Amino acid sequence: MYYWIRGAIVGALVTGVFCGCGGESRMPSLAPETEDRVAKPLGKLAIGGDRTLAVLNARVMQGQKPVSGVTVEIGRSVSGRAAEYRWSGTTNARGQARIEIAEVGVTGYYRARAMRGVSMLGSWSSIPVNGGFETTVELVIGGRASTAGTIKLAPGGLPAEIAIGVVLPLTGPQTRYGFPAIEGFELAREEINNSSKLGGAGINFIVEDSRGTAAGAVDAFNKLIDRDGVSVILGPVISTAAREAFPIAERNEVLAFSSISTAAGLSAIGDYIFRAGLNVNALLPGPVSETQEKLRYRRVATIVDETDVFSKSSDETIRRTLSGIEVEILATETIATGDTTFSEQLTRIKALNPHAVFVSALGAEQIRILIQAREAGIGANIPFLVPVMTAVEVEAAGDAAEGAISFVSWSSAADTPGNETFVANYLARYGSEPSTWAAQSYAALYIIAEAIAGAGSTDAGAIRGAMAGTRDLDTVLGSFSFDDSGDAVYDPVVLIVRDGELVVFE
């Protein structure tokens, strides 16, 4: 039923045909630059009219390798006159520098030079700059420059079409997370593009299927960065995949924003890593203490998927919290992602006669554990407390889920800004109420759009700065902020299954 989604999302930036630019290069030297003849241009300028702003997206290359940390300086070419280099930018890990050029009659031919300190690595002439457009140009040290087309700018100076990479499991074992996430992203994208939030610019998605594996997420990140050249990636959604993919974004100075992954410590991988879901250290301690105070359990058992990063992080946080409030942990039983039978673990737990059982596992395993626990004779009077269980798992587990308690980041009944409208619009579009995963993804795109608008740029470094400064932003998740590590800060929610429905725990 979800196959239409992948075809409905626009998947590529507007790009042009490569054309040559006049250019010459110099090897590193301390000698001052001497002006040379302006080469005959090999490509036509776009007509910029009287627009006074243009953007040059310059990429400096040494052979096939990007050159980072060099200053790209831009000056107007005027025959017989030395160039005045008035605009500049520093290349990132991908060798890219985004330079805004503003002056009356900005359209024309410009010169560029790459500097490392006072040493000039190369210079190039006859580079077309077009008012109202962003031009992508590759500057090859020891070679010529070439342009790769132009993108029209919106009135606010952003590209008219902003490409954002999306990495989700749309096939494989974790689609229960991928499909709600893409629905939340798409609903938010439609609303943002129909608003003036980005000053007339619109968001396009380049969607990559992670196949529900860490290797798939790594492949997707590499493709989006190396081939598509995106500056922002939404994803991955699974912590095990995020642990492997986030370092790729950080090395390339590409902003990665996961709407779902919640294992502790992942945002600390780097400055370009952010997450919208509450990490387990923010999600679990308060709700665990709250449920203990109300239910008075003193002896518990835990079940943990030892192969899943989120599950292990969740169990560690739960056990640490329980120890702090003097709750005895009778046993910790281990499982693995993909296991289907848990009778041995549940039989051992039943023999211990616990007051409650904590389950740290992904959705498919959550369902089987709940069903098999009741089959093993663990009565409904012993509550199962399951971090981040949604209505999907509750419906699949049926009567076995009755009385189970979930710790989540969002509730459809929450009185948060825009939540009622979001739930109604989602229901109208997709025919069902949104899950936590859809809500977090919906909020995530609004958060990134706010950062892009605040930065006034699609440069990853500029967006990162705006993201890091996010404080008390109204979202469907509540008043939203980032901490110093890039993790989300807002209030968690405790839900309980009553008559087959997740309702607020009282």
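Treat the numbers as computed from the prediction; the structure is a model and nothing was measured. Along the sequence shown, residues carry numbers from 1. The figures that follow rest on heavy atoms only: side chains count, while hydrogens, waters and symmetry mates do not.
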- Side-chain donor-acceptor pair present, T337, T307, cut-off under 3.5 Å: yes

task = Evaluate the side-chain proximity of I260 to I238: yes if any heavy-atom separation is below 4.5 Å, no if none is.
result = no

>> Taking atom CG as the centre, does D226 end up with more than 12 heavy-atom neighbours from other residues, nucleotides or ligands that are less than 6.0 angstrom away?
In response: yes

Can you confirm whether I369 sits close enough to I335 that some side-chain heavy atom of one is under 4.5 Å from a side-chain heavy atom of the other? yes

Of D228, V218, V230, the one forming a side chain to side chain contact (heavy atoms under 4.5 Å, CB included) with K223 is D228

- Message: Is a donor from one side chain sitting under 3.5 angstrom from an acceptor on the other, for S267 and D487?
- Response: yes

Run Y272 and F274 through side-chain contact (heavy atoms from CB on, under 4.5 Å) and show every step you take. CA-CA 7 Å; Y272 286 83; F274 295 84; 5.7 Å; no

Notebook entry, point to check: Under the side-chain contact (heavy atoms from CB on, under 4.5 Å) criterion, do Q96 and T91 qualify, and how do the steps go?
Noted result: CA-CA 5 Å; Q96 293 179 333; T91 58; 5.9 Å; no

Extract all donor-acceptor atom pairs below 3.5 Å that involve side chains of residues 174-181 and protein atoms in other chains or at least two apart in sequence.
{"residue": "R176", "atom": "NH1", "partner": "E393", "partner atom": "OE2", "Å": "3.0"}
{"residue": "Y177", "atom": "OH", "partner": "G363", "partner atom": "N", "Å": "2.9"}

dist T475:OG1 -> D472:CG (nearest 0.5 Å) comes out at 11.0 Å

* Crowded around R227 CZ? As in, over 12 foreign heavy atoms under 6.0 Å? -> no

query = With distance as the sole test, does E306 use its side chain to make a donor-acceptor pair with the main-chain N or O of A336 at under 3.5 Å?
reply = no

Do we see a donor-acceptor contact under 3.5 Å between the side chains of T470 and E450?
-> no

Minimal heavy-atom distance between I371 and A400, with the atoms involved, is CA-CB, 3.7 Å

So CD1 of I151 and CG of N57: to nearest 0.5 Å the spacing works out to 8.0 Å

Would you say CG of D415 has more than 12 non-hydrogen atoms from neighbouring residues, nucleotides or ligands within 6.0 angstrom? no

#### Entry: L283 side chain reached by V388 side chain, heavy atoms, under 4.5 Å
yes

Review point. Between E402 and G500, is there a donor-acceptor pair closer than 3.5 Å when you use the side chain of the first and the backbone of the second?
Key: yes

dist N194:CG -> R189:CZ (nearest 0.5 Å) comes out at 9.5 Å

Note to self: Please check this pair: side chain of R59 against backbone of P66, looking for a donor-acceptor N/O pair closer than 3.5 Å.
What the structure shows: no

In short, N193 meets I203 closest at the heavy-atom pair OD1-N, 2.7 Å

Checklist entry - Between the main-chain N or O of G338 and the side-chain N or O of E365, is there a donor-acceptor pair closer than 3.5 Å? => result yes

Do the non-hydrogen side-chain atoms of V288 and T317 ever get within less than 4.5 Å of each other? no

- Task: Say whether, by atom type as modelled, one donor and one acceptor occur between the side chain of T341 and the main chain of S343 under 3.5 angstrom.
- Result: no

message = Is any side-chain heavy atom of E290 closer than 4.5 Å to one of F505?
response = yes

Quiz item: Under 3.5 Å, is there a donor-acceptor pair between the side chain of S239 and the main chain of T262?
Solution: yes

Original post:
Got a donor-acceptor contact below 3.5 angstrom from the Q372 side chain to the F342 backbone?
Top reply: yes

Does the distance from a Lys or Arg side-chain N to an Asp or Glu carboxylate O, for R98 and E134, drop under 4.0 Å?
yes

| query | Given side chains that start at C-beta, do those of F384 and I378 come closer than 4.5 Å, heavy atoms only? | reply | yes

Of all heavy-atom pairs linking Y430 and E183, the shortest is OH-O, 3.0 Å

Note: V476 and W410 closest approach over all heavy atoms is O-CD1, 3.3 Å

Between I206 and A163 the two heavy atoms that sit nearest each other are CD1-CB, 4.1 Å

Value for CG (L445) from CZ (F257), rounded to nearest 0.5 Å, stands at 9.0 Å

Is there a donor-acceptor contact under 3.5 Å from the side chain of S481 to the main chain of V489? no

Q.
Pairing donors with acceptors under 3.5 angstrom, does anything connect the side chains of N130 and T150?
A. no

Heavy atoms of G199 and A154 approach each other most closely as O-CB, 3.7 Å

Between P287 and the options L385, V494, L495, the side chain to side chain contact (heavy atoms under 4.5 Å, CB included) test singles out V494

*Stepwise side-chain contact (heavy atoms from CB on, under 4.5 Å) test for L477 and L278*: CA-CA 10 Å; L477 304 175; L278 292 170; over 6 Å; no

Which of S409, S435, S259 passes side chain to side chain donor-acceptor pair (under 3.5 Å) with Q440? Answer is S409

When rounded to the nearest 0.5 Å, the distance separating CZ of F221 from CZ of R251 is 11.5 Å

- Query: Would you say N204's side chain and E161's backbone share a donor-acceptor pair under 3.5 angstrom?
  - Reply: no

Quiz item: When the ring planes of Y442 and Y446 are compared, do they come out parallel, tilted or perpendicular, using 30° and 60° as the limits?
Solution: tilted

For R498, the salt bridge (charged side-chain N to carboxylate O under 4.0 Å, His left out) test, sequence neighbours excluded, returns none

Counting distance only, does the side-chain N/O of N419 pair as donor-acceptor with the main-chain N or O of S411 below 3.5 Å?
yes

> Salt bridge or not for D399 and R374, using N-O below 4.0 Å?
Replying inline: no

message = With heavy-atom distances below 4.5 Å as the criterion, would you say the side chains of F358 and S314 are in contact?
response = no

Check: Does some side-chain heavy atom of L266 sit less than 4.5 Å from a side-chain heavy atom of I273?
Finding: no

Rounded to the nearest 0.5 angstrom, the CD1-CG distance for I182 and L187 is 11.5 Å

- Query: Does the pair T291 and I405 meet the rule for a side-chain contact (heavy atoms from CB on, under 4.5 Å), with working shown?
  - Reply: CA-CA 9 Å; T291 56; I405 295 171; 4.2 Å; yes

